[in-house]
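A note on names: the letters A, B, ... follow the listed sequences, proteins ahead of strands, and every chain is numbered from 1. Atoms considered below: every heavy atom in the structure, side chains included; atoms not considered: hydrogens, waters and symmetry mates.
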There are 2 protein chains.
Amino acid sequence: MAKSGTRSRVAAPTSGRSADTRRLLIGAAVETLKDVGYAGASARAIAERAGSNQGLVFYHFGSVNDLLLAALDEVSTRRMEAYRGVLEHATSVAALAESARAIFVEDLDAGYVRVLIEMITGAQAVPGLGDLVAERLRPWRDLAEDAVRRALGRSAAARLLPPAEAAHALVAGFLGLELLASLDGDRAAALAVFDRARSLARMLDLLGGIRLPAAKEER
Amino acid sequence: MAKSGTRSRVAAPTSGRSADTRRLLIGAAVETLKDVGYAGASARAIAERAGSNQGLVFYHFGSVNDLLLAALDEVSTRRMEAYRGVLEHATSVAALAESARAIFVEDLDAGYVRVLIEMITGAQAVPGLGDLVAERLRPWRDLAEDAVRRALGRSAAARLLPPAEAAHALVAGFLGLELLASLDGDRAAALAVFDRARSLARMLDLLGGIRLPAAKEER
DNA sequence: GTCTATACTTGGATAGAC
DNA sequence: GTCTATCCAAGTATAGAC
């Protein structure tokens with residue numbers, strides 16, 4: 001079953017005809033996931049969109065799920081770079097809320113979160129898939145945690161809201177808002193939430209301006 | 001296509017052998033959605049779980065998607081009753097947070113949110129399905145909005161946080177937390193978020209105790 | 001090494017049996 | 001009126017052609 005007669009599971013070449021086909025299929029897989037979801041992302045549907053043969057999915061990736069995971073990886077690394085740059089400059093809660101909003105809008109268009117959600121739900125069907133998707137989600141939780149930590153700094157708010165918890169909530173909120181937005185095609189409600197978060201964040205920044213005198217328990 | 005040669009699309013009988021079979025199939029559909037998701041919820045998989053023939057899905061419901069919608073309805077109305085009772089007594093933000101936590105735990109076991117999420121994502125694949133699922137989601141948003149309104153009352157917080165927006169965020173958060181919890185099978189992170197929300201809510205209740213003097217803009 | 005033609009499996013839907 | 005046997009389309013996977 002795990003008998004990889006091809007090099008597809010190991011090396012992943014970066015140039016040549018094989019690499020071209022792989023890239024083509026990965027791109028088509030991303031688009032297919034966005035358009036028709038995991039349930040509709042068959043080897044045939046993806047290959048047709050890529051303008052190539054469905055057998056190639058199995059030759060290059062071994063299985064449909066492995067191709068979908070590769071698609072998730074591709075889009076994930078691409079978005080991660082973009083976001084890290086934006087979040088690095090968010091040194092207040094209000095700035096974080098502002099950045100989060102920008103990221104959400106960009107993502108809704110790019111469809112990254114959609115791809116992720118489809119993979120999370122699709123993973124229910126296939127036994128081992130859940131862990132593999134969870135693995136790919138972890139960097140995002142870490143990214144969010146760093147951002148929260150940077151935004152809260154050493155302010156009083158950091159005591160009330162541990163970054164790890166805030167990050168979990170933030171990621172969950174992202175997923176949920178995207179889910180709702182994709183359902184009714186209406187992003188206004190989600191944006192209103194972000195705007196509200198920003199104005200509340202401004203208040204929080206003012207309150208947080210009162211730095212605590214670095215109590216001993218800080219270790 | 002919409003040619004319903006049977007009574008299945010209209011009346012929905014409540015007793016008799018037909019009703020029994022319907023109930024059996026609906027129950028099996030719920031379990032199947034929870035276990036293997038939309039992608040795995042085929043007529044055959046559902047019928048096998050129900051111990052009956054896959055053809056009955058089409059006889060009684062017309063299509064697999066219609067059966068799944070019926071399953072969503074069934075579980076939705078059942079949960080709605082339970083929750084309405086709990087939320088009615090939440091007249092402070094802290095109480096709301098407490099209730100939300102209880103509901104989340106109960107739901108994670110019952111699997112209702114899971115069913116809903118599967119239908120939302122599955123709807124991507126089928127053209128008209130999205131609207132039908134959205135229709136079934138609306139009562140929940142309304143329920144959340146009422147709960148928020150009741151919890152905030154006429155306090156200062158109600159000015160800062162419009163109930164409709166808060167409800168949207170609340171529903172999104174629920175969906176997102178469930179999504180994450182179902183991925184790694186770990187509910188601890190989600191519960192920590194709810195606990196944190198509760199302790200923050202207590203603070204908010206104290207602040208909100210300061211009632212505003214019913215300004216004119218209140219209409 | 002890369003890709004296509006073909007084999008086999010599962011799924012949706014219905015014609016016809018009871 | 002209720003259910004089952006059967007049909008055809010779509011899916012995964014691979015044997016073999018280039």
Proximity to the side chain of [X] - top-ranked nucleotide from [options]:
X      : options                 : result
R44(B) : dT4(C), dC3(C), dG11(C) : dG11(C)
L56(A) : dT4(C), dT12(D), dT4(D) : dT4(C)
R17(A) : dC3(D), dT2(C), dT6(C)  : dT2(C)

Can you measure [X] atom [atom1] to [N] atom [atom2] for me and round it to whole angstrom units?
X      : N       : atom1 : atom2 : result
F61(A) : dA13(D) : CZ    : C1'   : 16 Å
F58(B) : dT6(D)  : CZ    : P     : 18 Å
R22(A) : dG1(C)  : CZ    : C1'   : 14 Å
E48(A) : dG11(D) : CD    : C1'   : 14 Å
Y38(A) : dG11(D) : OH    : C1'   : 12 Å
I46(B) : dA13(C) : CD1   : C1'   : 15 Å
Q54(A) : dT2(C)  : CD    : C1'   : 15 Å
L24(A) : dT2(C)  : CG    : C1'   : 14 Å

So how far is it from R198(B) CZ to S99(B) OG, rounded to the nearest 0.5 Å?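 One gets 10.5 Å once the value is rounded to the nearest 0.5 Å.
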Distance (rounded to the nearest 0.5 Å) between R187(A) CZ and E178(A) CD: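 The distance works out to 9.0 Å.
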Would you classify V64(B) as touching base, sugar-phosphate or nothing, given that sugar-phosphate means primed atoms plus P, OP1 and OP2, and contacts are heavy atoms under 4.0 Å?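 It contacts sugar-phosphate atoms only.
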With heavy atoms under 4.0 Å as the rule, sort S52(B) into base, sugar-phosphate or nothing.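 Contact class for S52(B): none.
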Hey, would you say the W140(B) and Y83(B) ring centroids sit under 6.0 Å apart?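 Yes, the ring of W140(B) comes within the 6.0 Å limit of the ring of Y83(B), centre to centre.
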Please determine if a side-chain N or O atom of [X] lies less than 4.0 Å away from the OP1 or OP2 oxygen of [N].
X      : N      : result
Y59(A) : dT2(C) : yes
T21(A) : dC3(C) : yes
H60(A) : dC3(C) : yes

Determine the interplanar angle of the F104(A) and F174(A) rings, folded into 0 to 90°, and report it as parallel if under 30°, tilted if 30 to 60°, perpendicular if over 60°.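 The arrangement is perpendicular - the two ring planes meet at more than 60°.
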Assess, by modelled atom type and distance only, whether the side chains of S182(A) and Q124(B) contain a donor and an acceptor separated by less than 3.5 Å.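 Yes.
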N53(A) or S42(B), whichever maps to the more 5' nucleotide of DNA chain C: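 Mapping each residue to its closest nucleotide by heavy atoms, the 5'-most match is N53(A).
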